[in-house]
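In listed order, ligands and their atoms are each counted from 1. Everything numeric in this text was worked out from a predicted model, so none of it was measured.
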Amino acid sequence: MSDHYVKVKVQLEQMKSSGEDAGKEGVEGMEEQVPVSSPPASVSPLPPSITIAGGDPAKTPIICKHRSKSRSKPGKDDKNSCGKHNSDLALHGSVVSGHMGKNLYRVGHERTLGKTNRKMQQGNPETNGNFAPGHRHRDMKDTRREEGLRLGRKRRPVTVDTSKAKTSLEALKLSIKQLKWKEFPLGRRTACDIYWHGVSFHDNENIVSGQVNKFPGMIEMLRKINLSRAVRTMQELFPEEYDFYPRSWILPEEYQQFSAQIRMVKENDSTVNPTFIVKPDGGSQGDGIYLIRDPSDLKLMAGSQTKQAVVQEYIQRPLLIDKLKFDIRLYVLVKSMEPLEIYIAKEGLTRFCTEPYQEPSQKNLSHVFMHLTNYSLNVHSGKFVHSDSQSTGSKRTLSSVLYRLAAKGVDIKKVWSDIISLVIKTVIAVVPELKVYYQADIPPGKPGPTCFQILGFDILLMKNLKPVLLEVNSNPSMRIEHEQEVAPGVFEYVPSPVDEDVKVGVIRDTLRLMDPGHNKPSIFKPRAGSVNVEDILMDPVSQERGQDDGGALPSLCLKQVYPKYAKQFNYLRLVERITALFIRFLGVKGNMRLGPTAFRTFVRNCRLSTSNFSMASVDILYIDITRRWSGSLSDSKEAGMGLQAFVEAFFYMAARRFKSLVLREQVVSLLELCEAQLQSQYGAGSLGPEDRRSLSCSRALPRGTKTQSLGLTNPHLGSPAPLRRAASQDYRLHQRLRPNALRANVDN
Ligand code: ADP
């Protein structure tokens, strides 16, 4: 791999310095005059998994950085950009540009023109200034016609704007080369098929067509507090289904509940001594994280400001390999939100701690290399093992870990199946609010791109093999080099075969799935049975194999899990139905909050007001809930009722109206009432296709699904949320995540 990698790098450098033109394979016209992309290095057609060659990456530094050890996160994987890649952009040559719609026959021609000067390019208005006059022009026309005839049958290569790709640029370039697509590293005046953003949907503004690899609002939704809130809402409705997320409290607003509950637990049983992990809301890569055993150890203030953070139960007994704690980084593609389509990468990474694990004690609470698996921390421990092998070292492939567990008798199919469920349920939890962001940024009827996104799920396996969700990264690192400290304070970037193998596969196959030529929704029929991981784990040659490339590419490493398993999970999509109501009454395009009048209209149109629940009570409810939520959302600039507040109001009204039922049934009943009202007033067409679909399956809670009373039988208007929350926050820490007996004899 490293040989291959270095060869590519060297070729890139040579071509850059010889001024070769990246437009060689291009089909675009010339009028854009945007400087051009880096040239295509000859990339092996073999998949990355096959191109691994020997070599010592440590001896082939890509970039050398000199700096002190106390770094301010320059290699920040997940959420920041990297200067290195920005400078890559500056190295690229000048671009041959194109005229959309007239470019089908220009491939060969551009090859000739790659080195023509700008005067020639501007010369002839007939040809959009692309061609030189005279006999040369005729020759070129002939050549063009011939090549056009030859290539006419070939479809136009997919165009990708990589100008904002940041730290994913290297992996993206390799992927585009493997697909023989066309890269625009400095952007393009006309539209591209795909825009690859390194950070957020808004990296490029004013995109009106094509596809962007980020959803609006994903960063916000996956911050620790918002993710915790979204999962908590689902835990209230489906406590058992959502028991994969550690119990969490939001600071500072829930400090009192947190300390009261811990006090209660300790008073009830003095032998219980739980540990908690505190995570700053906007943090990443382990920054600012610490462990505590008592609420009084919380550091609530940062200077004069209160710190926004999540405090979470600490999983004390993780599964260990070689006595080390590790976590799983799984790549998940949300291919589409409406209809919901989710793919999971068959291959992921595992990140290992570098100090043998011990259960937390007052003595070892501060040992970050023992408790935190972050690569960005452990790489500086001095004990980090860089390895070209996928199954040794401090970063390994997921499959190598699973096979090792399988060899010890672990039922890895069960582990995979649980992981798939966790992923689908988590996406279902965040989709409702994402839909609100989406309609605000791309209101229906307004031209805009469609979106997809690769997410990085961080998952911990407990000793009993139960997967636990730690967090979801909206910008998982797609770097394919890693830092190595070659001398004190001197860092080098060296190729990382393990990263390249996994990440190039994920990006390339995401692109294949998003190929506008093949981009049809779901090719799988939803399955009724339980999650069957056979076809995900053991699928050597899939039906998806290289339709687009005559079979030269390997089978897709991304496997569809939704809607494939939709039948098992659709009943969980209750909050989405509440969201459909919310969006319907938002009114003004681009709005994300409901005003008091819109809320009244919702209540009136759905006929929710009764003699017991007057419109005056509705107004009080609106004011009460909105005021409280606006206090707890630090970034709430807009006035009005946000989705989470609306959901709370909805739960409250459901509980009030259907007192005898448990919360989930209350909510389903109120939803059906609202939907039926709206349908009778506006007809079935008033609900979107997904709404109608979810409407039709809403009644069916799967057999055997247990309903649990959250104890909310007599809510009263003054303080609905505290009541609802208090009821659902009984301290069930140890029941919910108590490690059971080890399923198999796992190496600890
Ligand atoms: P960050 O975004 O800063 O990486 P994470 O939530 O991923 O924050 O936590 C950092 C690390 O802390 C994880 O990789 C994991 O090793 C450890 N960790 C996080 N939450 C828990 C938990 N609830 N129990 C045990 N370990 C945890």
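- Ligand 1 has no N or O atom lying under 3.5 Å from any N or O atom of Leu460, backbone or side chain.
- Screening Leu663, Val647, Val231 for a side chain to side chain contact (heavy atoms under 4.5 Å, CB included) with Glu236, the sole residue that qualifies is Leu663.
- The closest side-chain donor-acceptor pair between Tyr375 and Ser394, if any, does not fall under 3.5 angstrom.
- Here is the list of ligand 1 atoms found below 4.0 Å of a heavy atom in Tyr314: 24 (N), 25 (C), 26 (N).
- Judged purely by atom type and a 3.5 angstrom limit, Asp501 has no side-chain atom pairing as donor or acceptor with the backbone of Pro497.
- Among Lys224, Lys307, Gln308, Arg223, the single residue meeting the side-chain hydrogen bond (donor to acceptor under 3.5 Å, both in side chains) criterion with Asp281 is Arg223.
- For the pair Gly286 and ligand 1, the shortest N or O to N or O distance falls below 3.5 Å.
- Interface atoms of ligand 1 facing Ile315, defined by a heavy-atom separation under 4.0 Å, are 22 (C), 24 (N), 25 (C).
- Remark: ligand 1 atoms within the under-4.0 Å shell around heavy atoms of Ile289 are 3 (O), 8 (O), 9 (O), 10 (C).
- Closest heavy-atom approach to atom 6 (O) of ligand 1 within the set Lys279, Gln316, Met462, Gln285: this belongs to Lys279.
- Set against the non-hydrogen atoms of Ser284, the atoms of ligand 1 under 4.0 Å away are 1 (P), 2 (O), 3 (O).
- Which parts of ligand 1 touch Gly283 is read off a 4.0 Å heavy-atom cut-off, strictly below it: atoms 2 (O).
- Atom NZ of Lys299 sits about 13.0 Å away from atom CG of Leu251, to the nearest 0.5 Å.
- Relative orientation of the Tyr195 and His197 rings is perpendicular, given thresholds of 30° and 60° on the angle between their planes.
- Here's the thing with Lys325: one of its N/O atoms is less than 3.5 angstrom from an N/O atom of ligand 1.
- Using a 4.0 angstrom heavy-atom cutoff, Arg351 does not count as in contact with ligand 1.
- Contact annotation: for Glu313 versus ligand 1, heavy atoms closer than 4.0 Å belong to the backbone alone.
- Proximity to His371 (heavy-atom distance under 4.0 Å) selects the following atoms of ligand 1: 16 (O), 17 (C).
- Phe352 and Phe326 have parallel rings, their planes meeting at less than 30° on a 0 to 90° scale where 60° marks the start of perpendicular.
- Contacts with ligand 1 closer than 4.0 Å are made by no heavy atom of Asn473, backbone or side chain.
- A distance of 6.0 Å or more separates the ring centres of Phe369 and His367.
- Residue contacts with ligand 1, taken as heavy atom pairs separated by less than 4.0 Å, involve Asp327 solely via side-chain atoms from C-beta onward.
- Taking the six-membered ring where the residue is Trp, Phe258 and Phe276 present perpendicular rings, their angle passing 60° and hence far from 30°.
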